[in-house]
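One structure is given here, and the rest of the page talks about it.
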Amino acid sequence: MSKILIRGAKVLGGEPQDVLIDGETIAEVGTGLSAEGATVVEAEGKILLPGLVDLHTHLREPGREDSETVLTGTKAAAVGGFTAVHAMANTFPVADTAGVVEQVWRLGKESGYCDVQPVGAVTVGLEGKKLAELGAMHDSAAGVKVFSDDGKCVDDAVIMRRALEYVKAFDGVVAQHAQEPRLTEGAQMNEGIVSSELGLGGWPAVAEESIIARDVLLAAHVGSRVHICHLSTAGSVEIVRWAKSKGWNVTAEVTPHHLLLTDELVRTYNPVYKVNPPLRTEADVMALREALADGTIDCVATDHAPHPHEDKDCEWAAAAMGMVGLETALSVVQQTMVDSGLLDWAGVADRMSFRPAAIGRLEGHGRPVSAGEPANLTLVDPAYRGAVDPSGFASRSRNTPYEGRELPGRVTHTWLRGRATVVDGNLA
């Protein structure tokens, strides 16, 4: 591998510095650096971050390759500045055995665009009745440490307790999709003024909050780790804040779309805004931003949920839930958190790289931008402004809620262990 000299980048938003990559490693960070024969990347005015880490990605393979594959999904991740993603288990077949998680892991290795860490299912077939092979998945080549039935809630308290007890043995974490199923039967959108006016089935905040309350208590009881997926309500924030004040091992994520979009958009009846959990109110959005800023919410996770055209271009009630998010995540975070003054770029590095890597116990990622560290890096042009055009997405699916919306910032380069995966905004 040749040497790469990144010249004049603002490392984590700080003073301009040069960063020399030699092979797979950062060799030197300083000013006035030079290296004979190095490829020079002029980075004046740009922000250099550690490679982003996503705790919550749906790559759909095996089984729904019409929506996404590991290859197309990791290409989308690289374009978005990610060097590692956690692939959710709701595939066909479900990733509930060592064989399936190893298959996904190996496909990630072959793609080469970013590291893929499979998430194992908590229960067999995501059916919530019997624990899956948690130990076997952990001991497999994939080394699974995060387990989730995402897409479904582990609603049985006994099963959830047993899962928390089991993963404690190897410092694993159960990532809960908090949705009380009995409270969301027939639900189509957030329960509130808009759902009442539109006559759509309401999805109450308490359906999320009641599960989170139960699970933080269970995690404290057994002394294990629980992670809350796609937290979406102000009440959920308060429960997590309370649990953390007790010193309990609870972490939480928020999606970019829940930081920006509200249930008012559902008035259009455009199924692109149909998502699980649903878009909430403006008050919820503001609470989520504040909680991400103060650290109550640990990280941003995309919940990248690709769907083929026919699953979204239909009437609202029949449409699939979910949005693609890998390629727009950093731009949304810049608009909602950085440009608003709630976070600086060092805070973005913390919430989108350091903390998600730590929660997932992912080695080699979420590391400082300093000599001797793996060269997993993302270079961002924060001054860029442009309308989102899904026709140019690397993802196989186009179900973005941001089509035509102007968003700030653009990833110009991504490096995975010193090898460029994105150069000048294009896949290498």
Side-chain angles (χ1 to χ4, degrees), residues 6 9-17 19 26 29 43 45-57 76-86 114 230-231 251-260 285-286 288-304 325-360 362 365-370 373-386 402 407-416 422 425:
I6 306 168
K10 296 179 179 179
V11 178
L12 273 60
E15 292 299 314
Q17 290 184 293
V19 176
I26 298 171
V29 178
K46 295 185 175 69
I47 309 295
L48 189 65
L49 302 172
L52 307 183
V53 176
D54 190 13
L55 268 175
H56 194 142
T57 302
V79 169
F82 292 88
T83 54
V85 299
H86 289 72
C114 78
H230 43 51
L231 185 149
T251 55
E253 70 191 32
V254 65
T255 71
H257 49 270
H258 286 113
L259 289 172
L260 180 60
V285 167
M286 292 301 116
L288 295 174
R289 292 185 190 182
E290 292 290 344
L292 183 64
D294 70 24
T296 299
I297 297 176
D298 298 83
C299 62
V300 175
T302 69
D303 194 8
H304 175 79
L326 285 167
E327 294 172 70
T328 52
L330 189 55
S331 290
V332 175
V333 170
Q334 180 180 332
Q335 178 173 319
T336 58
M337 302 301 296
V338 179
D339 293 352
S340 66
L342 288 170
L343 275 183
D344 57 14
W345 284 105
V348 173
D350 181 67
R351 307 305 195 273
M352 297 189 75
S353 184
F354 299 147
R355 287 211 212 184
I359 292 166
L362 194 60
H365 293 274
R367 302 294 305 161
V369 181
S370 57
E373 296 288 354
N376 296 317
L377 298 167
T378 298
L379 189 64
V380 185
D381 179 4
Y384 175 86
R385 296 292 184 277
Y402 309 116
L407 291 176
R410 175 174 178 257
V411 172
T412 62
H413 293 72
T414 307
W415 291 274
L416 178 64
V422 173

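All values derive from a computational prediction rather than experimental measurement. This chain uses plain numbering: 1 for the first residue, then up along the sequence.
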Criterion side chain to side chain contact (heavy atoms under 4.5 Å, CB included) against M352, the qualifying member of L49, D54, T378, L330:
L330
Counterpart residues, salt bridge (Lys or Arg N to Asp or Glu O under 4.0 Å), relative to D294 (two or more places apart)
R241
V79 side chain near L326 side chain, heavy-atom distance below 4.5 Å
no
Kindly say whether M337 contributes a backbone atom to a donor-acceptor pair with the side chain of S340 at under 3.5 angstrom?
yes
State whether the side chain of T414 and the backbone N or O of A78 hold a donor-acceptor pair below 3.5 Å, judged by distance alone.
yes
Here the pair of heavy atoms bringing P408 nearest to D339 is CG-OD2, 3.6 Å
Could you tell me the separation between the CG atom of L259 and the CE atom of M286, rounded to the nearest 0.5 Å?
9.0 Å
To the nearest 0.5 angstrom, please state how far the CD1 atom of I359 sits from the OG1 atom of T251.
4.0 Å
Got a salt bridge between K46 and D381, using NZ or NE/NH1/NH2 to carboxylate O under 4.0 Å?
no
Heavy-atom closest pair (P256 atom, A301 atom, distance to 0.1 Å) is CD-O, 3.4 Å
Please round to the nearest 0.5 Å and tell me the distance separating atom OH of Y384 and atom OG1 of T412.
12.0 Å
Evaluate the side-chain proximity of E290 to L342: yes if any heavy-atom separation is below 4.5 Å, no if none is.
yes
Please name the residue in the list H304, H230, H258 that meets the ring pair (Phe, Tyr, Trp, His ring centres under 6.0 Å) test with H56.
H230
First locate atom CG of L48, then atom CG of L12, and finally report the distance between them rounded to the nearest 0.5 Å.
8.0 Å
Residue pair L377 / I6, side-chain heavy-atom distance below 4.5 Å
yes
Below 4.5 Å, heavy atoms only, C-beta onward: do Y402 and V332 meet side chain to side chain?
yes
Sequence-distant partners of S331, side-chain contact (heavy atoms from CB on, under 4.5 Å), two or more places apart:
L407
What's the spacing between Q335 CD and R385 CZ if we round to 0.5 Å?
8.5 Å
Listed partners of H257 passing ring-ring contact (aromatic ring centres under 6.0 Å, His included), at least two apart:
none
Can you name the side-chain contact (heavy atoms from CB on, under 4.5 Å) partners of P382, sequence neighbours left out?
I47, Q334, W345
Heavy-atom pair with the smallest gap, counting every atom of V348 and L343:
N-CD1, 4.3 Å
Kindly write out the residues that satisfy ring-ring contact (aromatic ring centres under 6.0 Å, His included) with H413, not counting sequence neighbours, or none if the list is empty.
W415
Over all heavy atoms of both residues, which pair between V300 and L292 is shortest? Give the atoms and the distance, please.
CG2-CD2, 3.6 Å
Are side-chain heavy atoms of H365 and L416 found at a separation under 4.5 Å?
yes
Is there side-chain contact between R289 and L260, with heavy atoms separated by less than 4.5 Å?
yes
Which residues pass the side-chain contact (heavy atoms from CB on, under 4.5 Å) test with S370, not counting sequence neighbours?
P368, E373
